[in-house]
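Encoded as structure tokens, the structure appears first; notes follow it.
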Amino acid sequence: MTESADHKDFVRQIVEEDNASGKWNGVVHTRFPPEPNGYLHIGHAKSICLNFGIAKEYGGKCNLRFDDTNPEKEEVEYVESIKTDIKWLGFDWEDRLFFASDYFEQLYQWAEQLIKNDKAYVCSQTLEAIREGRGTPAVPGTDSPFRNRSVDENLDLFRRMRAGEFEEGEHVLRAKIDMAHKVMLLRDPIMYRIRKVEHHRTGNAWCIYPTYDYTHGQSDSLEGITHSICTLEFENRRPLYDWFCDALEIHHPQQIEFNRLNLTYTMMSKRRLLQLVNDGHVNGWDDPRMPTISGLRRRGYTPESVRSLCAQVGVTKHNATTDMVVLENQIREELNRTADRRMAVLDPVKVVITNYPEGQIENLDAVNNPEDESAGSRQVPFGREIYIERDDFMEDPPKKFFRLGPGREVRLRWAYFIKCTDFVKDDAGNISEIHCTYDPETKGGNAPDGRKVKATMHWVSADKAINAEVRLYDHLFLTEDPDEVEDESLDWKSNLNPDSLRTVSARLEPSLATATEGYRCQFERQGYFVVDKDSTDQNLVFNRTVTLKDSWTKRPDGKK
RNA sequence: AACCCGAUAGUGUAAUAGGUAACACAACAGAUUUUGAUUCUGUUAUUCCAGGUUCAAGUCCUGGUCGGGUUACCA
């Protein structure tokens, strides 16, 4: 736990030092600045928790700002989903919803100012020529032939760029810094490019769009941001962030970089997540296998569990990959405390209790949550024919197998002890029916004579059980690192898990008939499940959020 | 090759004016158990390397090694 004790991560330490020194006069103002070009994923959740969390802890504010400077990839759908996901996580930007596109005019005026101060120029080289002129990290770049245009010419050209007189690629506006700078980003970076594309907010008002580097710091500045917290890959861009704030002589926030969240068996690249969606490897951005916030929500994760993961993983400057089990443990821990227990048989095999009266049904009391007495109890119907899990019976069980087998006695949860007397196989050799006798003395699950059984098994009444579609999810990728491929002809897609979704027809105890979307419970001995939005009156659909820990199937002598 | 950043049990993190290397999860073992779950107890295992300063170095100094990032008119 990194949260325990009084430990503060290095970002919070900086904030506290600044507060102590009066650097920002005690003001703490952060922002979360997503580009609306995809759905938020759990990596963004870490940034959200950091930015909104710090603001809250230090009596500050956190803005939501959409970094929408590249109209080609941005859509309103993404804006809306991002807002939904932040709220779901439990954070609130109040009245501080901003868009970088709100600042286009100001940014443009500043660009003219830089031109007038001979700190920016219109470059008319081709994309390729600009790239070549930039050199390489080891080799200094060479000046653009347009680098020494007069201020008047630059101004004229830039205004005509805005007016739409040129085609895409004809000109760009570049900052005049140093083509030989050791930091590549400072070799006359591009500030504006011509894009004759409709913007999701500004429509066709603009045909020149500012780049990230020219936009971000100034947007922070305009909003009075004090601590501009971003991920490690922006480290190299900090000198540029600083350069623009200094050149413009405007409020200059401090950029601080932290390590992004990586999880095993998945990946966070928005580009690749989009590809999974577009190529149909998953069923949309909110597919329960996706590491998106909406996917996790649909999978059954709670906002609390996502937030506590973010608190657990810590904030450092070190590239780290967190085990997926850490996330899984968060939701197990929470749902163990809070979720109702229910009985569901995912792979049913029929059991006939030969000495139980035909046609008789009795309702038995079942505790809802042994971890929470206030959750009360419910009744489950028991009868002569029931279903149990196919895995819970073995014709020829090994010694370590505790469950049902010929001659063995087990307990049916909240019901009776039953003993297997016989079983029937179908033509294919599969067990089709198991015959047992029950001991009426053991009603409720206790033997008056004190005899013990090794296993307690879940079950449902064959007559009263309801049907449901249950979707069993597993890791999206086979390997911890999706990029780890055996040879170069393969890529990350070759590591997709073909069995990441398995759908089964299950039989559920009847109390589940009224469950509605978002209802979470534990299917005893199986895992935690949530009712999916695909559910209809005719077809109840459950998603498996996570399995229970299982020390049996992991054993070398445990099958599966 | 140049620049920036990083390196502490398997994983993620802590040790903050040099002062007994610790926590969580994982793994393993045992106890409890009407979920092979939960809970409880215990065990294993850590400072990238080499020098140096010091009574004392994860921490400071020097040199190296390894990993990540930068060489987009994306963010």
Side-chain angles (χ1 to χ4, degrees), chain A residues 1-5 7-10 13 33-35 37 67-70 72-74 100 123 126-127 130-131 134-141 168-169 171-174 181-187 189-195 208-209 211-213 215-216 230 232-239 257 259 264 270-271 312-323 325-326 328-330 332-333 336-337 341 343 366-367 370-371 400-403 411-415 417 444-446 452-458 480 522-527 547-555 558:
Chain A
M1 255 291 216
T2 56
E3 255 201 335
S4 64
H7 171 254
K8 298 277 198 284
D9 58 67
F10 82 97
Q13 286 177 38
E35 183 188 13
N37 66 343
D67 225 331
D68 54 350
T69 59
N70 184 8
E72 287 169 329
K73 297 199 224 159
E74 296 154 6
C123 179
T126 61
L127 193 158
I130 289 176
R131 197 171 287 164
R134 191 141 33 216
T136 70
V139 181
E168 291 190 11
H171 308 284
V172 291
L173 186 72
R174 300 177 73 176
H181 203 105
K182 284 176 186 169
V183 178
M184 294 292 295
L185 272 314
L186 261 22
R187 321 247 258 228
I190 286 159
M191 296 165 56
Y192 274 91
R193 71 281 209 195
I194 298 170
R195 279 284 174 281
I208 56 171
Y209 290 95
T211 57
Y212 165 87
D213 287 306
T215 307
H216 203 87
C230 60
L232 249 26
E233 65 268 26
F234 291 94
E235 261 172 342
N236 294 289
R237 321 195 82 96
R238 187 173 357 112
E257 309 88 13
N259 63 339
T264 55
K270 269 200 220 172
R271 208 187 81 245
Q312 291 245 319
V313 296
V315 177
T316 64
K317 292 180 79 72
H318 167 61
N319 286 302
T321 302
T322 298
D323 257 308
V325 296
V326 179
E328 294 172 348
N329 277 327
Q330 291 303 326
R332 283 197 189 100
E333 189 274 333
N336 177 50
R337 281 185 285 112
R341 271 56 168 173
M343 292 198 286
V367 170
E371 306 287 321
K400 297 288 246 175
F401 185 81
F402 299 157
R403 285 107 95 150
R411 170 167 41 232
L412 294 178
R413 183 85 151 147
W414 311 120
F417 283 15
N446 288 305
K452 303 281 188 203
V453 287
K454 280 195 163 164
T456 300
M457 295 168 17
H458 62 281
E480 287 198 6
Q522 180 194 103
F523 289 169
E524 293 219 35
R525 304 207 299 139
Q526 306 273 9
T547 62
L548 254 30
K549 282 193 202 165
D550 183 354
S551 58
W552 162 247
T553 50
K554 284 199 304 195
R555 301 177 67 98

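Each chain gets a letter, A, B and so on, in the order the sequences are listed, and its residues count up from 1. Just so you know, these numbers use all the heavy atoms, side chains as well, and skip hydrogens, waters and symmetry mates.
In this structure, A/Asn259 reaches the sugar-phosphate backbone alone: every heavy-atom distance under 4.0 Å involves primed, P, OP1 or OP2 atoms, never a base. Among the atoms of the strands shown, base atoms are found under 4.0 Å from some heavy atom of A/Arg413. A/Arg271 comes within contact range of no nucleotide atom at all, as no heavy-atom separation falls under 4.0 Å. Among the atoms of the strands shown, none is found under 4.0 Å from any heavy atom of A/Glu257. Heavy atoms of A/Pro140 sit nowhere under 4.0 angstrom from any nucleic acid atom. Nucleic acid contact for A/Gly527: none, since no nucleic acid atom lies under 4.0 Å from a heavy atom of the residue. Using a 4.0 Å heavy-atom cutoff across all strands shown, A/Leu548 reaches at least one base atom of the nucleic acid. Looking at heavy-atom distances under 4.0 Å, A/Lys454 makes no contact with the nucleic acid at all. Contact annotation for A/Thr264: no contact, since no heavy-atom pair falls under 4.0 Å across all strands. A/Arg195 comes within 4.0 angstrom of a base, heavy atoms only. Base engagement by A/Val172 is indicated by at least one non-hydrogen atom pair under 4.0 Å involving a base atom.
In this structure, OG1 in A/Thr136 is found 6.5 Å from CE in A/Met184, a value given to the nearest 0.5 Å. The structure places CD of A/Glu480 at 9.0 Å from OG1 of A/Thr321, a figure rounded to the nearest 0.5 Å. Distance CD1/A/Ile190 to CZ/A/Arg134: 5.5 Å, rounded to 0.5 Å.
Rounded to whole angstrom, the span from the CG atom of A/Leu127 across to the C1' atom of B/C74 amounts to 12 Å. Following rounding to the nearest Å, A/Asp323 (CG) and B/A26 (C1') show an atom-to-atom distance of 7 Å. In this entry the distance linking CZ of A/Arg187 with P of B/A72 reads 11 Å, nearest Å. Residue A/Lys8 contributes atom NZ, which lies 16 Å from atom P of B/U16 at whole-angstrom precision. One can place NE2 of A/His216 at 11 Å from P of B/A75, the figure rounded to the nearest angstrom. Remark: C1' of B/U70 and CD1 of A/Ile190 are 16 Å apart, rounded to the nearest angstrom.
Of the candidates B/G68, B/A72, B/U38, B/U38 carries the atom nearest the A/Asn336 side chain, counting heavy atoms from C-beta on. The listed nucleotides are B/G68, B/A72, B/A1; the one nearest the side chain of A/Asn319 is B/G68. Of the candidate nucleotides B/C73, B/U13, B/C5, B/U13 has the atom lying nearest to any side-chain atom of A/Thr316. Closest approach to the A/Gln522 side chain among B/A75, B/C3, B/U35 is made by B/U35 (side chain taken as heavy atoms from C-beta onward). Candidate nucleotides B/U16, B/C74, B/C73 were compared by shortest atom distance to the side chain of A/Glu35, and B/C74 ranks first. Across B/A75, B/A37, B/G12, the shortest atom-to-atom separation from the side chain of A/Thr322 is found for B/G12. Minimum atom distance to the side chain of A/His318 is reached by B/G6, of the listed B/C73, B/A75, B/G6. When the nucleotides B/A75, B/U35, B/U16 are ranked by their closest atom to the side chain of A/His7, B/U16 comes out on top. Set against B/U35, B/C5, B/U13, the side chain of A/Glu235 has B/C5 as its closest nucleotide.
Side-chain atoms of A/Asn236 come within donor-acceptor range of the base of B/G69, with a qualifying N/O pair under 3.5 Å. Under 3.5 Å, the side chain of A/Arg403 and the base of B/G36 form at least one donor-acceptor pair of N or O atoms. Counting distance only, with no hydrogens placed and no angle test, the side-chain atoms of A/Glu371 and the base atoms of B/U39 include no donor-acceptor pair under 3.5 Å. With hydrogens and angles left out, the side chain of A/Arg341 and the base of B/U35 share a donor-acceptor pair within 3.5 Å.
Mapped onto RNA chain B by nearest heavy atom, A/Phe10 and A/Tyr192 fall at different nucleotides, with A/Phe10 at the one closer to the 5' end. The residue among A/Ile194 and A/Val183 whose nearest nucleotide of RNA chain B lies closer to the 5′ end is A/Val183.
Side-chain N/O atoms of A/Arg193 include one lying less than 4.0 angstrom from OP1 or OP2 on B/C74. For the pair A/Arg134 and B/C73, the criterion of a side-chain N or O lying under 4.0 Å from OP1 or OP2 is met. Contact between the side-chain N/O atoms of A/Ser551 and the OP1/OP2 oxygens of B/A37 is found at a separation under 4.0 Å. One finds no side-chain N or O of A/Lys317 lying less than 4.0 angstrom from the OP1 or OP2 phosphate oxygen of B/G68. Taking side-chain N and O atoms only, A/Thr456 has no distance below 4.0 Å to OP1 or OP2 of B/U33.
Only the C1' atoms considered, B/A57 is 12 Å distant from B/A21, to the nearest whole Å. For the C1' atoms, the distance from B/A24 to B/U33 is 25 Å, rounded to whole Å. Between B/U41 and B/U8, the two P atoms lie 29 Å apart (nearest whole Å). Using P as the reference atom, B/A17 and B/C74 are 47 Å apart when rounded to the nearest Å. Atom C1' of B/A29 sits at a distance of 10 Å from the matching atom of B/U44, rounded to the whole Å. Separating the P atom of B/A22 from that of B/U54 is a span of 28 Å, rounded to the nearest Å. Separating the C1' atom of B/A31 from that of B/G18 is a span of 44 Å, rounded to the nearest Å. Nucleotides B/U62 and B/A72 have their C1' atoms positioned 39 Å apart, rounded to a whole Å.
In terms of heavy atoms, A/Lys270 sits closest to A/Asn37 at NZ-OD1, 2.6 Å. A/Gly314 and A/Asn259 make their closest contact through O-OD1, 4.2 Å (heavy atoms, listed as atom of the first residue, atom of the second, distance). The nearest pair of heavy atoms linking A/Thr456 to A/Arg411 is OG1-NE, 3.1 Å.
Applying the Watson-Crick and G-U wobble criteria (two distances, each under 3.5 Å), B/U8 pairs with nothing in any strand. Both distances falling under 3.5 Å, in either a Watson-Crick or a G-U wobble arrangement, occur for no nucleotide opposite B/A57. Nucleotide B/C3 is matched to B/G69 when pairs are restricted to Watson-Crick or G-U wobble geometry with both distances under 3.5 angstrom. Pairing partner, B/A22: B/U13, with both Watson-Crick or wobble hydrogen-bond distances short of 3.5 Å. In this structure B/A29 sits in a base pair with B/U41, meeting the Watson-Crick or G-U test at under 3.5 Å.
The main-chain N or O of A/Asn336 is never found under 3.5 Å from a side-chain atom of A/Gln522 such that the two would form a donor-acceptor pair.
In this structure, A/Glu371 and A/Arg341 have side chains that are in contact, with non-hydrogen atoms separated by less than 4.5 Å.
At a threshold of 4.0 Å, the pair A/Arg238-A/Glu257 counts as salt-bridged, since one of the basic side-chain nitrogens sits closer than that to a carboxylate oxygen.
We find that the ring of A/Trp552 and the base of B/G36 stack, their centres lying under 5.5 angstrom apart and their planes tilted less than 30°.
Applying the side-chain hydrogen bond (donor to acceptor under 3.5 Å, both in side chains) test between A/His458 and each of A/Arg525, A/Glu524, A/Arg413 identifies A/Arg525 as the sole match.
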